[in-house]
Amino acid sequence: MYDPKRIEQKWQGYWIDNRTNEPDLDGAERPFYNLMMFPYPSAEGLHVGNLYAFTGADFHGRYQRLRGHDVFQPIGFDAFGIHSENYALKVDVHPTKLIPSNIANFTRQLRGTGIMYDWSHTVDTTDPGYYRWTQWIFLELYDAGLAEKKEAPVNWCPSCKTVLANEQVIAGECERCYSQVEQRMLSQWFFKITDYAERLLENLDHIDWSDTTLTAQRNWIGRSEGALLRFPVARPKVADDRYEPAQLERERRMIEVFTTRPDTVYGATFMVLAPEHPLVDEITAPERADAVAAYRRETAALDLKERQKADDRGKSGVFTGAHATNPATGEEIPIFVADYVLMGYGTGAIMAVPAHDQRDFEFATEHGLEIRTVVAPTDEHAGEAADPELGAAFTAHTENERLVDSGEFSGLAAAEGGRRIVEWLAERRLAEPRVNYRLHDWCISRQRYWGPPIPIIYCDDCGTVPVPREDLPVELPYVEDFKPGDDGIAPLAKDRTFYEVDCPSCGAAARRETDVSDTFLDSSWYFLRYPSVGDDERPFGPARTERWLPVDTYIGGEEHAVLHLLYSRFITMVLHDLGHLAFEEPYDRFRKHGLLIRDGAKMSKSRGNVVIPDEYVERFGADTFRAYLMFLGPYDEGGDFRGEAIMGPHRFLNRAFDAVEAAVESGVTGFPDPGVERALHATIKQVTEDFARLSFNTVIAALMELLNAIRAGGRTPTVDEVRPLAIMLGPIAPHLAEEMWELLGGEPSLFDHAEWPTWDEAKLVTDTVEVPVQVNGKLRATIRAARGATEDVVKAAALADEGVQRHLEGGELVKTIHVPDRLLNLVVK
RNA sequence: GCCGGAGUGGCGGAACUGGCAGACGCGCCGGACUCAAAAUCCGGUGGGAGCAAUCCCUUGAGGGUUCGAGUCCCUCCUCCGGCACCA
């Protein structure tokens, strides 16, 4: 039995006094940057979810340390943002008061966990010394033409009263408050992340990340190959005679559409514009104006989620009275406005091919429009052609389908036909190949208080003027009433002393931007700051950046697969292109961890199944709690937190400590028992390999097995047997391991002086092996044979076995399978 | 609907490139210690038949490949996560 409280205090004190966890940032020879996602400092304090994430990362960091690396493992606080601000509103405490006390509380809790943080290099995103560089990054993007203010349909959260990035809208709801998100046309600051879509996608092939995270990013970027097609809008018939044909052609409006199926253009029998499409007013015939306006009002009133409920509402839409020319057939086809076409994807307009697109098919059926088949099914699919009776479009698009009713392209395979059609239309500038992305530009304006002000000044004469670099930071002023308003006007717009400013360019009275930037901009570069904390001259110093970055291992939650992880890749790539960084990918290796659940459900306050770590730490100590968290399931899958199961790791650590005490007391050295020695080498091998692949639950199981072998039959272990055990326990139970190391006569700290144990393959093999003998694939006996025994020898021994003989009776031995030292299988007929 | 991931004892979970399924732990049962309980220590523990040696069954369901399948292939079911009228 050991006293966790005493030794944990002892070693935590030792680590601080001796700066054990602070690597030499300027001189480290084997630098290893071990990063974990910095927390948002909630008022509730540290919860098990945080601790689960950090503990796994700490296992990894301490393992790398014991493997001889100089590990830099910092922590900080992502303290700006809507989450913090909403909480401040709820409890009616100003964020400038609330957040510092939350950070202080978090810091106190984290210091008690024994995690190997370098407390001399922490980051707080609300510190002007930090966000002045966040603003600097904004200006760098602005100067590079990658930040622009534009009118665009944006997501508006009516409860948070701010716009949200696309990534922050989850199934039509605000990711923070779960309100239904609305669409609004607003002028906002955007970062042109879409310019980087291709590179963000391509680089995914070259970085060592969890597969699921890579897949999530690929899906989010959503690349589709196809073509941009132009459909000339037909003038109303009555007006035609006022124009010369040539002039008519020149002045014709084009409706651009994106399609992945240019091969079906001969089957485009109508067009559809999204209700928000800018051309709608212009093309709508006067007699249809009222109906179209009514429809647009109706759809505008729907929030995102209602709009997506296609099943309930069917395919609604109205005819505009206008027509466009199908560039392939030359026929005039009607133009509709319908909300099944989204302004946010492609061009906000489509060519509708009801025969080969299910949505268009439904719309055509509902509105009585022509359905024209232009892709013929092969024999295999005969009978699957678009058919109103069947209620389905024919959408197969493999090399087997061929084009029909498609002019000179009839008879071609669909894919080939599509390419040829695009080439043909391209000659008349009516088509061009196009790659389209689902990814949108990153909207970074927030009409909120708790964030870094966007460093822009608007001047009547000079226009948009960036704040000069030397005037940074633009400090967030204290605004007593920081509540957001319904009107989209930011809280900072209430503070005249803030927004009234002289134009830095001409000196005339001007006005500051009063929106703040998205929290995800704060967190998009924090890992660049850590090594250079304290440097007030620049965001990150070249020497330290060169030594420590990119990050060696980043461990974090899958919930940021497309948010933080995509944004920080983008910002890193931009900083690389602007010459500030030598690398363009921030994290060499990313591993996601799983989610802790309890009673089969995600932990949440509303369910009342949240685990408070403090009680467990108080009762069993931080070491036991760490071991339990990592033992309850595979780290990348998470697991079910069952409080009573903590007894396993608790007993294990106590037994391990007792073993060390017994060994020291006996003073016996060496490896008197070959079985124990073999177990030791096998364990070192497995533990070393499993630590490397972050398989912590099997590491702990292997060490438990080793301890069982060492203490089998109540035997007294030797000093040499338990020393490697103590070292391998280092990443798991650091305080206890230090105590054991000291007991064994090692010089503290274990993490500075212990060498990771090595194994000898020769020690793993035994002279004899147990060979399972199967008859027809079923186990009938195991025989003992010399290692490397030949098939003849093993077979002879097997045939002599009574149990084997019984199963061979009455049959003829037709085949023998022998895997040396592993198995013998006798096949009888 | 699309894209991921997963279904193994009472429970959490092991099983490297196909080769003794159920490691390790929780729980439970029995025993030791104790006046008793907790803690601790020792033994047992997938299901079924049998006094027993032993035999049969068993990795969500069904089929296949193979000397041999939890692992590979096909079909289906269930659960979890993500995206979702994406043209």
Side-chain angles (χ1 to χ4, degrees), chain A residues 1 170-172 211-216 218-220 222 224 226 257-261 264 272 274 307-311 313 315 338-342 344-353 356-360 362-363 436-438 558-559 561-562 594-595 597 600 602 628 631-634 636-652 654-655 658 686 689-690 695 697-708 711 713-714 770-782 802-803 806-807 814-819 821-828:
Chain A
M1 290 291 280
I170 312 294
D211 285 339
T212 52
T213 315
L214 292 174
T215 306
R218 286 195 185 100
N219 290 344
W220 187 262
S224 353
V257 304
F258 171 74
T259 179
T260 53
R261 294 292 305 276
T264 62
V272 184
R307 237 182 110 153
Q308 285 167 356
K309 276 188 194 153
D311 296 346
R313 301 195 309 116
K315 290 277 180 289
D339 69 354
Y340 81 91
V341 172
L342 307 176
Y345 184 78
T347 63
I350 61 156
M351 67 171 196
V353 185
H356 306 294
D357 181 280
Q358 186 60 25
R359 295 151 302 176
D360 298 343
E362 285 165 20
F363 190 86
N436 194 59
Y437 300 93
R438 212 189 71 101
E558 182 77 339
E559 69 273 17
V562 292
L595 215 62
I597 56 172
K602 200 172 156 177
Y628 172 60
F631 185 61
L632 57 71
D636 62 341
E637 286 173 30
D640 210 339
F641 188 99
R642 295 167 308 132
E644 71 275 11
I646 198 174
M647 291 311 294
H650 173 66
R651 288 176 189 136
F652 165 62
N654 272 317
R655 276 159 45 85
D658 290 347
Q686 195 194 334
E689 290 169 357
D690 285 358
S695 178
N697 57 331
T698 55
V699 163
I700 295 168
L703 291 174
M704 286 172 166
E705 233 177 317
L706 174 65
L707 182 62
N708 288 345
R711 302 235 73 180
E770 297 264 332
V771 179
V773 179
Q774 299 180 338
V775 178
N776 287 345
K778 286 194 175 162
L779 182 73
R780 295 305 178 189
T782 60
E802 208 180 303
R806 201 170 38 239
H807 291 278
V814 293
K815 197 172 180 182
T816 307
I817 313 284
H818 180 239
V819 184
D821 300 336
R822 299 297 294 270
L823 165 130
L824 181 78
N825 189 11
L826 303 168
V827 186
V828 282

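Every chain is numbered from 1 and lettered A, B, ... according to where its sequence line falls, protein lines coming before strand lines. Side chains included, hydrogens not; waters and symmetry mates left out as well; all remaining heavy atoms used.
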Between the protein and nucleotides 2-11 of chain B, list every N/O to N/O distance that falls short of 3.5 Å.
unit_1	atom_1	unit_2	atom_2	d
rC3(B)	O2'	N219(A)	ND2	3.2

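- Looking only at distances, a side-chain donor or acceptor of D658(A) sits under 3.5 Å from a matching main-chain atom of M1(A).
- Among the heavy atoms of the strands, none lies under 4.0 Å from F652(A).
- Nucleotides rC73(B) and rG1(B) have their P atoms positioned 23 Å apart, rounded to a whole Å.
- Nucleotide rA84(B) holds its C1' atom 15 Å from the CG atom of D339(A), rounded to whole Å.
- Counting any heavy atom pair closer than 4.0 Å across all strands shown, E558(A) reaches no nucleic acid atom.
- In this structure, CD1 of I350(A) is placed 6 Å from C1' of rA87(B), rounded to the nearest angstrom.
- The distance from atom CG of L342(A) to atom P of rC85(B) is 6 Å, rounded to the nearest whole Å.
- If you find the closest nucleotide of RNA chain B to G714(A) and to N825(A), the one lying nearer the 5' end belongs to G714(A).
- Of the listed nucleotides (rC41(B), rC67(B), rC85(B)), rC41(B) has the atom at the smallest distance from the side chain of R655(A).
- Here the nucleotide nearest the side chain of R651(A), chosen from rC24(B), rG19(B), rG27(B), is rG27(B).
- When distances are taken from the side chain of A645(A) to each of rC67(B), rA87(B), rC26(B), the shortest belongs to rC26(B).
- No side-chain heavy atom of D357(A) sits under 4.5 Å from any side-chain heavy atom of R261(A).
- Residue R822(A) places its side chain closer to rC16(B) than to any other of rA87(B), rC24(B), rC16(B).
- Spacing between atom CG of N436(A) and atom P of rA87(B) amounts to 8 Å, rounded to whole angstrom units.
- When rounded to the nearest whole Å, the span between CG of D690(A) and C1' of rC16(B) equals 10 Å.
- Annotated as syn: rG9(B), whose O4'-C1'-N torsion sits within 90° of 0.
- Under the 3.5 Å distance criterion, with hydrogens and angles disregarded, no donor-acceptor pair is assigned to the side chains of N219(A) and R438(A).
- Ranking rC83(B), rA14(B), rG68(B) by closeness to the P634(A) side chain, first place goes to rA14(B).
- As a whole-Å value, the separation of L707(A) CG from rA23(B) P is 18 Å.
- Checking side-chain atoms of N825(A) against main-chain N and O of G777(A) turns up a donor-acceptor pair under 3.5 Å.
- Proximity of N697(A) to the phosphate of rA14(B): a side-chain N or O atom is located under 4.0 Å from OP1 or OP2.
- Between Q686(A) and the options L706(A), T698(A), L703(A), V699(A), a side-chain contact (heavy atoms from CB on, under 4.5 Å) holds for only T698(A).
- Taking the centre and axis of the six-membered ring of Y340(A), the NZ or CZ atom of K315(A) falls inside the cone set by 45° and 6.0 Å.
- Between E558(A) and T212(A) the shortest side-chain heavy-atom distance falls below 4.5 Å.
- For the atom pair CZ (R651(A)) and CD1 (I646(A)), the distance works out to 11.5 Å, reported to the nearest 0.5 Å.
- Residue R359(A) places at least one side-chain N or O closer than 4.0 Å to OP1 or OP2 of rC86(B).
- Remark: RNA chain B takes part in the stems B:1-7 with B:77-83, B:10-12 with B:24-26, B:27-32 with B:40-45, B:46-49 with B:54-57, B:60-64 with B:72-76, each of 3 or more antiparallel Watson-Crick or G-U pairs, criterion distances under 3.5 Å.
- For E802(A), the CD atom is loosely surrounded, since the number of other residues' heavy atoms within 6.0 Å does not exceed 12.
- Within the 4.0 Å cut-off from OP1 or OP2 of rA23(B), not a single side-chain nitrogen or oxygen of N708(A) is found.
- One can place CZ of F631(A) at 12 Å from P of rA23(B), the figure rounded to the nearest angstrom.
- For T259(A), whose side chain is taken as the heavy atoms from C-beta onward, the closest listed nucleotide among rC24(B), rA87(B), rC83(B) is rA87(B).
- Ranking rG19(B), rA87(B), rC85(B) by closeness to the K315(A) side chain, first place goes to rC85(B).
- Between E705(A) and I817(A), the one whose closest nucleotide on RNA chain B sits nearer the 5' end is E705(A).
- Backbone-only engagement by L632(A) is indicated by non-hydrogen atom pairs under 4.0 Å involving sugar-phosphate atoms exclusively.
- Two residues are said to be in side-chain contact when any heavy atoms from C-beta on lie closer than 4.5 Å; T259(A) and V353(A) fail this criterion.
- Atom-to-atom distance recorded for L595(A):CG and D640(A):CG is 11.5 Å, nearest 0.5 angstrom.
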Taking only N/O atoms, report every protein-nucleotides 51-60 of chain B pair under 3.5 Å with atom names and distance.
unit_1	atom_1	unit_2	atom_2	d
rU54(B)	O3'	R806(A)	NH2	3.4
rC55(B)	OP1	H807(A)	NE2	2.8
rC56(B)	OP1	R780(A)	NH2	3.1
rC56(B)	OP2	R780(A)	NH1	3.0
rC57(B)	OP2	K778(A)	NZ	3.4

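- When rounded to the nearest whole Å, the span between CD1 of I597(A) and C1' of rC80(B) equals 9 Å.
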